[in-house]
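Scroll down for the structure; my scribbles are underneath it.
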Amino acid sequence: MLYFIGIDQGGSKTYSVAADESGHILGIGKSRGACHSVTGMDNAMNAVEEAVTSALGQAGLQLGNITAVGAGMTGVDWDYEGPLLKDALRKHLGIEKIAVVNDAISAMRSETVKTNSAVICAGSGLNVAVRKGRDVFTYGYYIANENQGGTSLGKKTVQAVLDSHMGLKSETSLTESVLKYFGLSDVNSLLY
């Protein structure tokens, strides 16, 4: 039987799962959030180790049982960062077969196999992954700091509805969804 580790590291949490070759989840571990470029590589790797150790403990496995690791990690924004994190994971986990992608890419791939797709990840930060044919892009590093995070995205969404209602911007398809989400019948109630 082959065993694998999956890692999802973002600014607010680090998760790890231990699974077998059939995809059965055998253990789940959680640790604090981290990002190598913000909180330091050691902090990011220590959070990974804590989550992996917990997942392995639940699964009754050890690192020596693991065939490969797949990691979706925040901060894999530039070409050099994937190999940098891959090397750090190899050093800290002692496993040779490791794949690392931006966490927005792993979110997109977990939701669809379509060749043209996109995902918005809004947690403590904000990132977008887009796939067009064989090309995959991330855009988190282009998003200004004041626009980062789910709260900021939510505020901008509500503001777009208000601006549309007041005629400052064109009509938006967000209005119906926002009103439904808040259980409101009209935009004036939203403003109130």
Side-chain angles (χ1 to χ4, degrees), residues 1-115 117-131 134 136-138 140-141 148-151:
M1 177 74 59
L2 301 177
Y3 299 102
F4 303 91
I5 289 290
I7 299 165
D8 176 17
Q9 185 170 64
S12 58
K13 52 76 187 131
T14 301
Y15 280 115
S16 179
V17 296
D20 65 21
E21 61 191 293
S22 299
H24 296 104
I25 295 176
L26 307 172
I28 299 172
K30 182 179 179 185
S31 183
R32 68 192 174 283
C35 176
H36 73 281
S37 61
V38 176
T39 63
M41 186 63 81
D42 286 339
N43 186 50
M45 290 302 110
N46 288 338
V48 165
E49 285 182 39
E50 289 170 15
V52 167
T53 299
S54 179
L56 290 172
Q58 282 185 17
L61 298 170
Q62 297 178 358
L63 281 171
N65 302 119
I66 303 302
T67 301
V69 173
M73 302 179 77
T74 187
V76 185
D77 297 322
W78 304 103
D79 289 342
Y80 73 91
E81 288 176 299
L84 180 75
L85 284 164
K86 192 186 237 185
D87 289 344
L89 287 169
R90 280 186 182 130
K91 177 183 170 188
H92 285 265
L93 300 177
I95 297 170
E96 186 59 31
K97 292 182 183 179
I98 296 179
V100 178
V101 297
N102 182 287
D103 58 338
I105 292 173
S106 59
M108 181 177 59
R109 288 180 178 164
S110 71
E111 291 298 320
T112 184
V113 294
K114 293 181 179 177
T115 55
S117 56
V119 66
I120 297 172
C121 295
S124 57
L126 185 68
N127 201 350
V128 177
V130 176
R131 179 172 37 205
R134 299 179 75 94
V136 180
F137 308 94
T138 59
Y141 44 90
Q148 289 286 335
T151 300

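Note that the structure is a prediction, hence the values are computed from the model and not measured.
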- Check against side-chain contact (heavy atoms from CB on, under 4.5 Å), E21 and T67: CA-CA 10 Å; E21 61 191 293; T67 301; over 6 Å; no

- Task: Using side chain to side chain contact (heavy atoms under 4.5 Å, CB included) as the criterion, point out the one residue from L26, T53, I25, I28 that pairs with Q58.
- Result: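 Single side chain to side chain contact (heavy atoms under 4.5 Å, CB included) partner of Q58 among L26, T53, I25, I28: I28.
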
- Could you check L61, I98, V52, V17 and say which one makes a side chain to side chain contact (heavy atoms under 4.5 Å, CB included) with I5?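 Output: one option passes, namely V52.
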
Using modelled atom types only, decide if a donor and an acceptor are shared between the side chain of [X] and the backbone of [Y] within a distance under 3.5 Å.
X: S54; Y: E50; value: no
X: N65; Y: Q62; value: yes
X: T138; Y: V128; value: no
X: R90; Y: E96; value: yes

Rounded to the nearest 0.5 Å, how far does [atom2] of [Y] lie from [atom1] of [X]?
X: E81; Y: T74; atom1: CD; atom2: OG1; answer: 9.5 Å
X: C121; Y: D8; atom1: SG; atom2: CG; answer: 8.5 Å
X: C35; Y: D103; atom1: SG; atom2: CG; answer: 8.5 Å
X: E49; Y: S16; atom1: CD; atom2: OG; answer: 11.5 Å

- Task: Assess whether atom CD1 of I120 is packed by more than 12 heavy atoms of other residues, nucleotides or ligands within 6.0 Å.
- Result: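 Count not over threshold, so no.
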
If I compare all heavy atoms of [X] with all of [Y], which pair ends up nearest, and what's the gap?
X: S117; Y: M108; answer: OG-SD, 3.5 Å
X: A68; Y: I95; answer: CA-CG2, 4.3 Å
X: A104; Y: V119; answer: O-CG1, 3.3 Å
X: V100; Y: G82; answer: CB-O, 4.2 Å
X: A55; Y: G29; answer: CB-N, 3.6 Å
X: A18; Y: A59; answer: CB-CB, 3.9 Å

Counting C-beta onward and ignoring hydrogens, is there a side-chain heavy-atom pair between [X] and [Y] closer than 4.5 Å?
X: M41; Y: L84; value: yes
X: V76; Y: I105; value: no
X: T115; Y: R134; value: no

- Could you go step by step and tell me if I7 and L93 meet the side-chain contact (heavy atoms from CB on, under 4.5 Å) rule? CA-CA 12 Å; I7 299 165; L93 300 177; 4.3 Å; yes

- Task: Could you give me the CA-CA distance, side-chain angles and deciding distance for R109 and V101, then say whether side-chain contact (heavy atoms from CB on, under 4.5 Å) is met?
- Result: CA-CA 11 Å; R109 288 180 178 164; V101 297; 3.8 Å; yes

- With side-chain contact (heavy atoms from CB on, under 4.5 Å) as the test, would you mind laying out the steps for N43 and R32 before giving the verdict? CA-CA 9 Å; N43 186 50; R32 68 192 174 283; 3.1 Å; yes

- Message: Please tell me whether H36 and Q9 have a donor and an acceptor in their side chains that are separated by less than 3.5 angstrom.
- Response: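 Judged by distance alone, the side chains do not pair up.
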
